[in-house]
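Numbered from 1 within each chain, the chains take letters A, B, ... in sequence-line order. As the structure is a computational prediction, the values presented were derived from the model and not from experiment.
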Amino acid sequence: MSGAKAFVKALEMQKVDVIFGIPGGAVLDICDALADSSIRTILMRHEQCAAHAADGYARASGRVGVCMATSGPGATNLVTGIATAYMDSSPIVAFTGQVPRKLIGRDAFQEADIIGITCPITKHNFQVGHASEIPTTIKKAFYIASSGRPGPVLVDVPKDVQIEFADVKIEDHEETIRRPSNHAPHPLQVKKAVELLVSAERPMIIAGGGVITSNASEELIAIAELLLAPVATTLMGKGAIPENHPLATGLLGMHGTIASNRLIQEADVVLAVGTRFSDRTTGKVDEFCQDAKIIHIDIDAAEIGKNVEADVPIVADAKEALQEIHMLLQRKMAKKENSAWTAKIRELKEQLEEKANCQGELKPPRVMAEIRRILPEDAIITTEVGQNQMWAAIYLKAYKPRTFISSGGLGTMGFGFPAALGAKVARPEVPVVDIAGDGSFIMTEQDLATSVLENIPVTVIVLNNSVLGMVAQWQRLFYGGRYVAVKLGKVPDFVKLAEAYGAQGFRPKSLEEFSSVLKKAIKSDVTTVIDVSISPEENVLPMVPPGKGLKWMIWE
Amino acid sequence: METKTSAQEYIISAIVEHRPGVLFRVSNMFRRRGFNIQSISVGPTEREELARITITVNGDEKLVEQIVKQLRKLIEVVKVSILDPKNTVIRELALIKVTAPDYRAKTDIINYAEIFKGRVVDVSHKSLTIEVTGDPDKINAFINIMKPYGIKEIARTGITALSRGEPQTR
């Protein structure tokens, strides 16, 4: 069997159903082998989009997303997408072609040292040395990508390895990984955590992306309800608790809600689950939860104590740890009564609702609320990066895990649209909507072609202000309004742009018109771009100035 | 991560897969996270598929703990331990080329080298090259004694270390 055939067989063994990619000289043999397979190959228009689409697929489905590129520039174009997946612990496997083995190191045509380049942004990477290694390498790659703390894995396959014949039996490759996929929660630490939670007067929970990865929402909510503890989410944790739940207080951190940011300052015990305490979540870290005892659950031991010191560290899968905590808690205490703490949660939450309601017609918070009203509960929302992302994070409530997909760690503009395509491929039965800014959308808008030709209909809502909104906001608030290099000036006519690709476009002038086109869009079988004009002066509030503690939140 | 308290030297011993690119992954992790390597030495172990990397770093306990955790995340790293200096055999090899223009200087240097259990491994009309092994303090002391003669070149291996007694199984 040729290396390329073995490659495709090994992917089939991993139950891969779709690959996002762009071919090239160094992967032609794999492409040829794919012609005999039922695996769907989707031609993207940029490798960055291929990686983001695989990432969107992974986040929406909980499975491993797969992308492929040729050697050299194809491989290097994947880098932003791989780094995005790395920062957000998303399981993708990226395949790259490589020049033939005897040319490696000779600066051959379209040669790039993609192993060296992606070393710091992958969980692990492999260069296949011989066709016979292909099946085990692929098995390892999928295992590493999806086990423990998930992350991207890159497999580089030299062209001559794809061509050479080897005697490979796909079935009888034994697992060779030493690495345990997770640790059981330490009973003593669980006991300590429960003691702290039982004695807490003002307990609070921070739910991070780890809760979603390990499908631990049910356990999280059960604990919150027992303790009557407010649950704040990080950007990655959004959807871990339905945001219409009375205890859900929304986003925490730089653009956190007034409720989350105020409550966290008063909490006496904080249960942080599956979060790495990013600077965007904690604000100035020295001022974060100074008086609270912190219980930190994370599957990655290196996250514990990296940014924030934990009083009770629990290295474990979130679901397992929360199950054990819940079991012990139930034995030790009855459901807490309503108290001053719960009254405070209610009161603080209302302030945000008021803020959203008193906004004018096509102001972003109102638009977000309207989107929520129209979309079904299980619709998937992806976002670009910047103001659009933060408006969505604050004002667009997520009701289920894996329905809010955003580039948290790397903050990658251009992520949302290709991620939406990946999500739609994973979940064709639900509407997928990308909340975009004009600046972000023009970074990957070329994949409208993929969306139309491959019949992957999604809706893009562009909040169009002709500026790089978040940068403009910082220049306005923190640089005395000196705008440098943020005015996009002439952005394309997004309606015409959509039409040029065979998609449809709308430019609603009122909230009512917006609602009606959105309803049409999510039922449509063709991709729709909705261009919503907003003021370039609009700020995303609340906001904590960069480098400041959460108490310095700006509200108006 | 940097704190002012109690920076000291730590010896980290890592058993890794003995394959091309593994040292790059390890050293690249240090670079990416801004950890400074004082010295690093690598060599094969009793099992041909494994190598031992001995790294010394200056820092506090928190920093070293984070380094160890980050090392453990690397797929090709099999085992990592922090060696307790009190219970560890630590050795470094140094080659020191010293100016020795006359007989008198040569005799003195050879005498000193003997005291330090060093060996003269090369000689020329104007210089001597001495090989010294031992813990870094001993090598530093010998270098200090050689300084007045004029040191031309030094090559040090960086330390390598093993814990005393039975192999640690963890």
Chain A interface, residue from Arg33(B), Arg32(B), Met29(B) that has the most non-hydrogen pairs under 4.5 Å: Arg32(B)

Atom group of Asp300(A) that falls short of 4.5 Å from chain B, counting heavy atoms: side chain

Contacts of Thr281(A) that satisfy side chain to side chain contact (heavy atoms under 4.5 Å, CB included) - sequence neighbours left out: Thr234(A), Leu252(A), Ser278(A)

Side chains of Arg25(B) and His124(A) in contact at under 4.5 Å (non-hydrogen atoms): yes

Phe116(B) CZ: over 12 foreign heavy atoms closer than 6.0 Å: yes

Ion pair check, Lys69(B) and Glu303(A), cut-off under 4.0 Å: no

Glu61(B), CD atom: more than 12 neighbouring heavy atoms under 6.0 Å: no

Counterpart residues, side chain to side chain contact (heavy atoms under 4.5 Å, CB included), relative to Lys106(B) (two or more places apart): Ala100(B), Val123(B), Leu128(B)

Taking every non-hydrogen atom, the tightest pair across Ala302(A) and Gln66(B): O-NE2, 3.1 Å

Ile75(B) side, atom CD1; Tyr143(A) side, atom OH - distance, nearest 0.5 Å: 9.0 Å

Glu48(B) atom CD, neighbour heavy-atom count above 12 within 6.0 Å: no

Test item: Lys73(B) and Lys123(A) side chains (from C-beta on) under 4.5 Å apart, heavy atoms: no

Heavy-atom neighbours of Lys284(A) NZ exceed 12 at 6.0 Å: no

Under 4.5 Å from a heavy atom of chain B, the part of Glu309(A) involved: side chain

